[in-house]
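In this chain, numbering begins with 1 at the start of the sequence shown.
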Amino acid sequence: MQERAATAASDEVLREVEQRVLWLSTAIVHHANRVRPNPGGLKVGGHQASSASLVSIMTELWFEHLRPEDRVSVKPHASPVLHAINHLLGELDTPYLETLRAYKGLQSYPSRSKDPDPVDYSTGSVGIGATAPIWGALARRYVSSIRPEVGVGRQYSLVGDAELDEGACWEAILDPMVGELGEVVWIVDLNRQSLDRVVPNIGATRLQGMFEAAGWQVLTVKYGRILEELFTRPGGDALRRRIDEMPNPEYQRLLRCTPAQQRERLPGDDPELAELVAGLDDATLHAAIRNLGGHDLAAVGDAFRAIDDTRPTVIFAYTVKGYGLASEGHPQNHSSLLTHEQMQELGERVGCSVDDPWAPFPDGSPAAALCAEVGARLRREPVPAPVTPSLPVDIGRTPSGTATTQAALGRALLDLTRESPEAARRVVTLCPDVSSSTNLGGWVNKVGVWSAAERVDWFADDPETILHWRERPTGQHLELGIAETNLVGLLGELGATWSRWGEPLLPIGVMYDPFVERALEPWSFGIYAGGQSILVGTPSGVSLAPEGGAHQSITTPSVGLEQPGCVSYDPAFAIDVEWTLLASLAKLGRAGGSSAYLRLSTRPVDQTLAAVPADPAARERRRRQVVAGAYPLRRAAGTPAVTIAAMGAVVPEALAAADRLIAQGVEADVVCVTSAGLVFEALQARSGRGSGESWVLDAAFPARRAAPMVTVLDGHPHTLAFLAGINQVRAAHLGVSAFGQSGDLDDVYRHHGLDADSLVRAALDLTD
């Protein structure tokens, strides 16, 4: 790490830059709210106080310690500070400073995909941006097993203290893998305020102990140089003790007091402390009260230089929310805005003007030279264009016998290692301790488990061990603890390596489908940030009949339908799994790519029901329809009286119902829907709203065969309800809309109205 020259001049220059960062970050929010025209009158917002508390820390980090290979996640409400620094370093043009929260301008929170300046991690979803660098560190280590020259680099998180209330933070901190990541550094902005209040007891000592228990190095930057010098004077020990023991609200109130009030309140009943305070002039007393370590550049720098790179580090930096602003320390300053007069006062103090807020440092000045030097030092080489190995679209096998779609996933991955080993080498799978129960055992045995260093497999010689846990740097499976948030956080970062280092991976995360909603927010945020991955939910629905209501997933089909940047599939047959998996893998690791969600089942299904065409051209036609979202599984001999549109595990019931209807003289078509989302996009495209491929509508639901429709799936019935609108037909929609029951499959399907009897009754009601 570089060290700042220990001269007054260098400190003075850095302090000048720090003050300019404070001004710019405050002015960015001020302009958005008080200067830029706002004809609609909507609140624009922004967080001047939350930004101010991090100005010193970010100035010291960027201008003295950061390297090009390092990455930083900035707490959401400090985004103006990031933009201010990027501007000073020549990475953000002046006109953008006037676009905070404007259409196609600077985003409300840092965004890798939407902001015009360099952003390492998208943040905004509390707890997720904080943990992202942990998963970024793991992703970089994994990529280095493919291309070692991706380098190292620290992964910094700038975290608000209230953000530590989020369970996602502690799930990540406690995962056993994380204790080995010495490149991870968290800086906690300990301003002891949340959105609404001063937190009565932030419990810093307790938090520090929790990090230490997880194996982290814990550093604390509590006091600045003014206070440290006062502590050496007579009465200094009493002053330290008084501040250490003072409740947070009492300390915050001192920040808002006049010097006279401070002289009265600070000593309490301690005569020795009263004597020390009496000897201080007003300016020194005013400065000392707010002289916390997080605003002392030298103290912060000392902490950065003390980082132990052999284990994760957390730095607790005591700060004042709103430091340097008229709103500093106020309990309701979270979203408060400085007035125009207060901005003028700030400008006069830091050498700036509200009339020309974006004026640069004078050419040739030491501050301008420092910004230019740091900008050149931190500039990164362009990321090389990713080259993704070609993937087959069809491995060529035709499954037979009885199989589940869950088992088909593991079989397809194994087939890929033989059919396309170069592409298979890019596949990395993740599970939260469910590898064997989700049928990934064969894949894990084949490719091994990833570990930064090779570990002894003590059960290698045990003949009764079926799942071989061989851990080595070339392994392709990672298993975290039972924390779905961790899994999808890592999934998103593995899916972003194509844009970070030009090295695409094909990440697949597998978890029980009932827990997908628990993981949905961080996975969705990962997609927003550019992470492309495949999430597999299995087993799904009430088809896992004996497990009952606690293990069911009613709404996940519509989750996949509605998630931006994601294509969802709910395949019925093993061949459908193979084709949709290969199509989904082909969209990963590239500009313009997308993620996928596969909803699989443990229901055994006779694979001959898929009726896969033997003719190569007909087979390819079927494959294209499967990937596009729907295909005709069975056509009635004559004009159909009813169409049964089924998705996923209940397709056998649809076929059985069609047989019974035909026996009664009611001709029935059966359409297998593989992706409700793609079919909906096709319908939108046919109306001129979107870019879907409308041809699949004519293939699966041709107007010439339009008939009353029964839809059915092992999920909420509204998922497929829109299908009736394709040809404007009457319809009945069957599915699951209540908590489940334990039982065998027939009983459970009958209970929810998914059985063949229910389908026949619904069809007859429509055709009578």
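Applying the side chain to side chain donor-acceptor pair (under 3.5 Å) rule to Arg36 yields no partners; only residues at least two apart in sequence or on another chain are considered. Every residue two or more places apart in sequence or in another chain was checked for a side chain to side chain donor-acceptor pair (under 3.5 Å) with Gln532, and none qualifies. Taking Tyr121 as the reference, nothing meets the ring-ring contact (aromatic ring centres under 6.0 Å, His included) condition, with sequence neighbours excluded. Qualifying salt bridge (charged side-chain N to carboxylate O under 4.0 Å, His left out) partners for Arg140, counting only residues two or more places apart in sequence or in other chains: Glu183. By the side chain to side chain donor-acceptor pair (under 3.5 Å) test, Ser499 is found to be paired with Arg112, residues two or more places apart in sequence or in another chain being considered. Shown here are the side chain to side chain donor-acceptor pair (under 3.5 Å) partners of Lys222, two or more places apart in sequence or in another chain: Asp244. A search for ring-ring contact (aromatic ring centres under 6.0 Å, His included) contacts involving Tyr528 returns Phe525, not counting sequence neighbours. Partners of Leu227 under the side-chain contact (heavy atoms from CB on, under 4.5 Å) rule, at least two apart in sequence or in another chain, are Tyr223, Leu230, Phe231, Leu239, Ile243, Ala288, Asn291. Taking Leu487 as the reference, Leu430, Pro432, Met511 meet the side-chain contact (heavy atoms from CB on, under 4.5 Å) condition, with sequence neighbours excluded.
Within the model, atoms CD of Gln342 and OG1 of Thr26 stand 11.0 Å from one another, a figure rounded to the nearest 0.5 Å.
Of all heavy-atom pairs between Phe63 and Leu14, the closest is CB-CD1, 3.6 Å. For Cys169 against Thr131, the heavy-atom pair with the smallest separation is CA-CG2, 3.8 Å. The minimum heavy-atom distance linking Val184 with Pro133 is given by the pair CG2-O, 4.3 Å. Ala317 approaches Ile57 most closely through the heavy-atom pair CB-CD1, 3.7 Å. Across every non-hydrogen atom of Ile28 and Ala84, the tightest pair is CD1-N, 4.3 Å. Between Leu54 and Ala78, the closest heavy-atom pair is CD1-CB, 3.8 Å.
Under a 3.5 Å cut-off, the side chain of Arg500 and the backbone N or O of Asp120 do form a donor-acceptor pair. In this structure a side-chain-to-backbone donor-acceptor pair under 3.5 Å is missing from Glu163 to Val126. A donor-acceptor distance shorter than 3.5 angstrom exists from the side chain of Ser53 to the backbone of Ser50, with no hydrogens or angles considered. Side chain of Ser524 to main chain of Leu520: no donor-acceptor pair is present (N/O by atom type, distance under 3.5 Å, no hydrogens or angles). Remark: the backbone N or O of Ala529 is not paired with any side-chain donor or acceptor of Ser113 at under 3.5 angstrom. Side chain of Asn33 to main chain of Gly45: a donor-acceptor pair is present (N/O by atom type, distance under 3.5 Å, no hydrogens or angles). Not one N or O on the side chain of Arg256 forms a donor-acceptor pair closer than 3.5 Å with the backbone of Gln252. The backbone N or O of Pro118 sits less than 3.5 Å from a side-chain atom of Asn86, completing a donor-acceptor pair. The closest donor-acceptor contact from the side chain of Asn486 to the backbone of Leu490 lies at 3.5 Å or more, if one exists at all. For the pair His295 (side chain) and Gly224 (backbone), a donor-acceptor distance under 3.5 Å is absent.
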Side chains of residues 351-364: which donor-acceptor partners sit under 3.5 Å, not counting sequence neighbours?
| from | atom 1 | to | atom 2 | distance (Å) |
| --- | --- | --- | --- | --- |
| Ser353 | OG | Asp355 | N | 3.0 |
| Trp358 | NE1 | Glu98 | OE2 | 2.9 |

Kindly list each side-chain donor-acceptor pair under 3.5 angstrom involving residues 87-95, sequence neighbours excluded, with atom names and distances?
| from | atom 1 | to | atom 2 | distance (Å) |
| --- | --- | --- | --- | --- |
| His87 | ND1 | Leu92 | O | 2.9 |
| Glu91 | OE2 | Arg379 | NE | 2.9 |

Identify every side-chain donor-acceptor pair in residues 306-315 under 3.5 Å, counting partners at least two apart or on other chains, and give the distances.
| from | atom 1 | to | atom 2 | distance (Å) |
| --- | --- | --- | --- | --- |
| Asp308 | OD1 | Thr310 | N | 3.0 |
| Asp308 | OD1 | Thr310 | OG1 | 2.7 |
| Asp308 | OD2 | Thr310 | OG1 | 3.0 |
| Asp308 | OD2 | Arg311 | NE | 3.3 |
| Asp309 | OD1 | Arg154 | NE | 3.1 |
| Asp309 | OD1 | Arg154 | NH2 | 3.2 |
| Asp309 | OD2 | Arg154 | NH2 | 3.2 |
| Arg311 | NH1 | Trp216 | O | 3.4 |
| Thr313 | OG1 | Gln217 | OE1 | 2.7 |

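For Thr388 and Trp498, the side-chain atoms include no donor-acceptor pair closer than 3.5 Å. Side-chain contact annotation: Thr220 with Gln208, donor-acceptor N/O pair under 3.5 Å present. Side-chain atoms of Gln107 and Ser79 include no donor-acceptor pair closer than 3.5 Å. Side-chain contact annotation: Thr497 with Glu503, donor-acceptor N/O pair under 3.5 Å absent.
Looking at heavy atoms from C-beta onward, Leu61 lies out of side-chain contact with Val300 at the 4.5 angstrom threshold. In this structure, the side chains of Tyr251 and Asn248 stay at 4.5 Å or more apart for every pair of heavy atoms. In this structure the side chain of Asn191 reaches within 4.5 angstrom of the side chain of Asp161, judged on heavy atoms. Taking the side chain as every heavy atom from C-beta outward, Leu66 and Tyr156 approach each other to under 4.5 Å. Side chains of His340 and Gln344 form a contact here, defined as non-hydrogen atoms less than 4.5 Å apart. For the pair Leu297/Asp11, no side-chain contact is recorded, criterion being any heavy-atom separation below 4.5 Å from C-beta on.
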